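Here is the structure we will look at.
Labels below follow one simple rule: chain letters A, B, ... track the order of the sequence lines, proteins then strands, and each chain is numbered from 1. Values reported hereafter were calculated over all heavy atoms of this structure, with side chains retained and with hydrogens, waters and symmetry mates removed. What you are looking at is a predicted structure, and each value in this text was computed from that prediction instead of being measured.
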Amino acid sequence: MSQKSNKVTFADNVREVVRRIPKGHVMTYKEVATMTGRPNAYRAVGNILAKNYDPNIPCHRVIKSDGKTGGYNRGRNNKAKMLKNEGVL
DNA sequence: CGTATGACGTGCA
DNA sequence: GTGCACGCCATAC
């Protein structure tokens, strides 16, 4: 645990948090930022995901505070559709 | 080290 | 209700 010699950067934290999001649940960038400890760094959160979106990370479960899907793969793909497919209204 | 960028958020007109 | 501009944080170059 605890990252000893491993440098945990904001990106690592964000990825971990996003990966912890259960199916049928979505979080806003601000929420994720708050979970990482930087409630005002929602900007960095989007930046991290934007540059380091992994296939194991449901970044599509991360939406905007407006309830909009925001973006996924540098685009909009069918984020809203896939979310609905998972059980997110 | 400084600048630029980015999948955002909020406020105001 | 919609559109524009500014602000914030971290990473990359």
Closest approach of Ala41(A) to Ala33(A) (non-hydrogen atoms, all atoms of both residues):
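Shortest heavy-atom separation between Ala41(A) and Ala33(A) comes out as C-CB, 3.9 Å.
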Write down the atom of His60(A), the atom of Lys79(A), and the distance for their closest heavy-atom approach.
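It is O-CE, 3.0 Å.
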Could you go through the side chain to side chain contact (heavy atoms under 4.5 Å, CB included) check for Thr28(A) and Val32(A) one step at a time?
CA-CA 6 Å; Thr28(A) 64; Val32(A) 177; over 6 Å; no
I want to confirm an ordering. Mapping Tyr42(A) and Thr9(A) to their closest nucleotides on DNA chain C, which one lands closer to the 5' end?
Tyr42(A)
Select base, sugar-phosphate, or nothing to describe what Ala44(A) touches, counting heavy atoms under 4.0 Å on all strands.
base
Please state how far atom [atom1] in [X] lies from atom [atom2] in [N], giving the value in whole angstrom units.
X: Asp66(A); N: dT2(C); atom1: CG; atom2: C1'; result: 13 Å
X: Arg74(A); N: dT5(B); atom1: CZ; atom2: P; result: 13 Å
X: Asn40(A); N: dG6(B); atom1: CG; atom2: P; result: 22 Å
X: Arg15(A); N: dA10(C); atom1: CZ; atom2: P; result: 16 Å
X: Asn52(A); N: dG6(B); atom1: CG; atom2: P; result: 14 Å
X: Glu31(A); N: dA7(B); atom1: CD; atom2: C1'; result: 17 Å
X: Tyr53(A); N: dA10(C); atom1: OH; atom2: P; result: 24 Å
X: Tyr29(A); N: dC8(C); atom1: OH; atom2: C1'; result: 16 Å

Counting only side-chain nitrogens and oxygens, does Arg38(A) get under 4.0 Å of the OP1 or OP2 atom of dC8(C)?
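No, no such contact exists.
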dA7(B) phosphate, OP1 or OP2, under 4.0 Å from Lys68(A) side-chain N/O:
no
Between [options], which nucleotide has the shortest distance from any of its atoms to the side chain of [X]?
X: Asn47(A); options: dA7(B), dT10(B), dA10(C); value: dA10(C)
X: Lys51(A); options: dT10(B), dA10(C), dT11(C); value: dT11(C)
X: Phe10(A); options: dA7(B), dT10(B), dT11(C); value: dT11(C)

Begin with the C-alpha distance, continue with both residues' side-chain angles, and end with the deciding distance and a verdict on side chain to side chain contact (heavy atoms under 4.5 Å, CB included) for Asp54(A) and Arg15(A).
CA-CA 8 Å; Asp54(A) 282 69; Arg15(A) 289 196 230 153; 3.7 Å; yes
Audit row: Phe10(A), Val14(A), side chain to side chain contact (heavy atoms under 4.5 Å, CB included) steps and yes/no:
CA-CA 6 Å; Phe10(A) 207 78; Val14(A) 173; 3.6 Å; yes
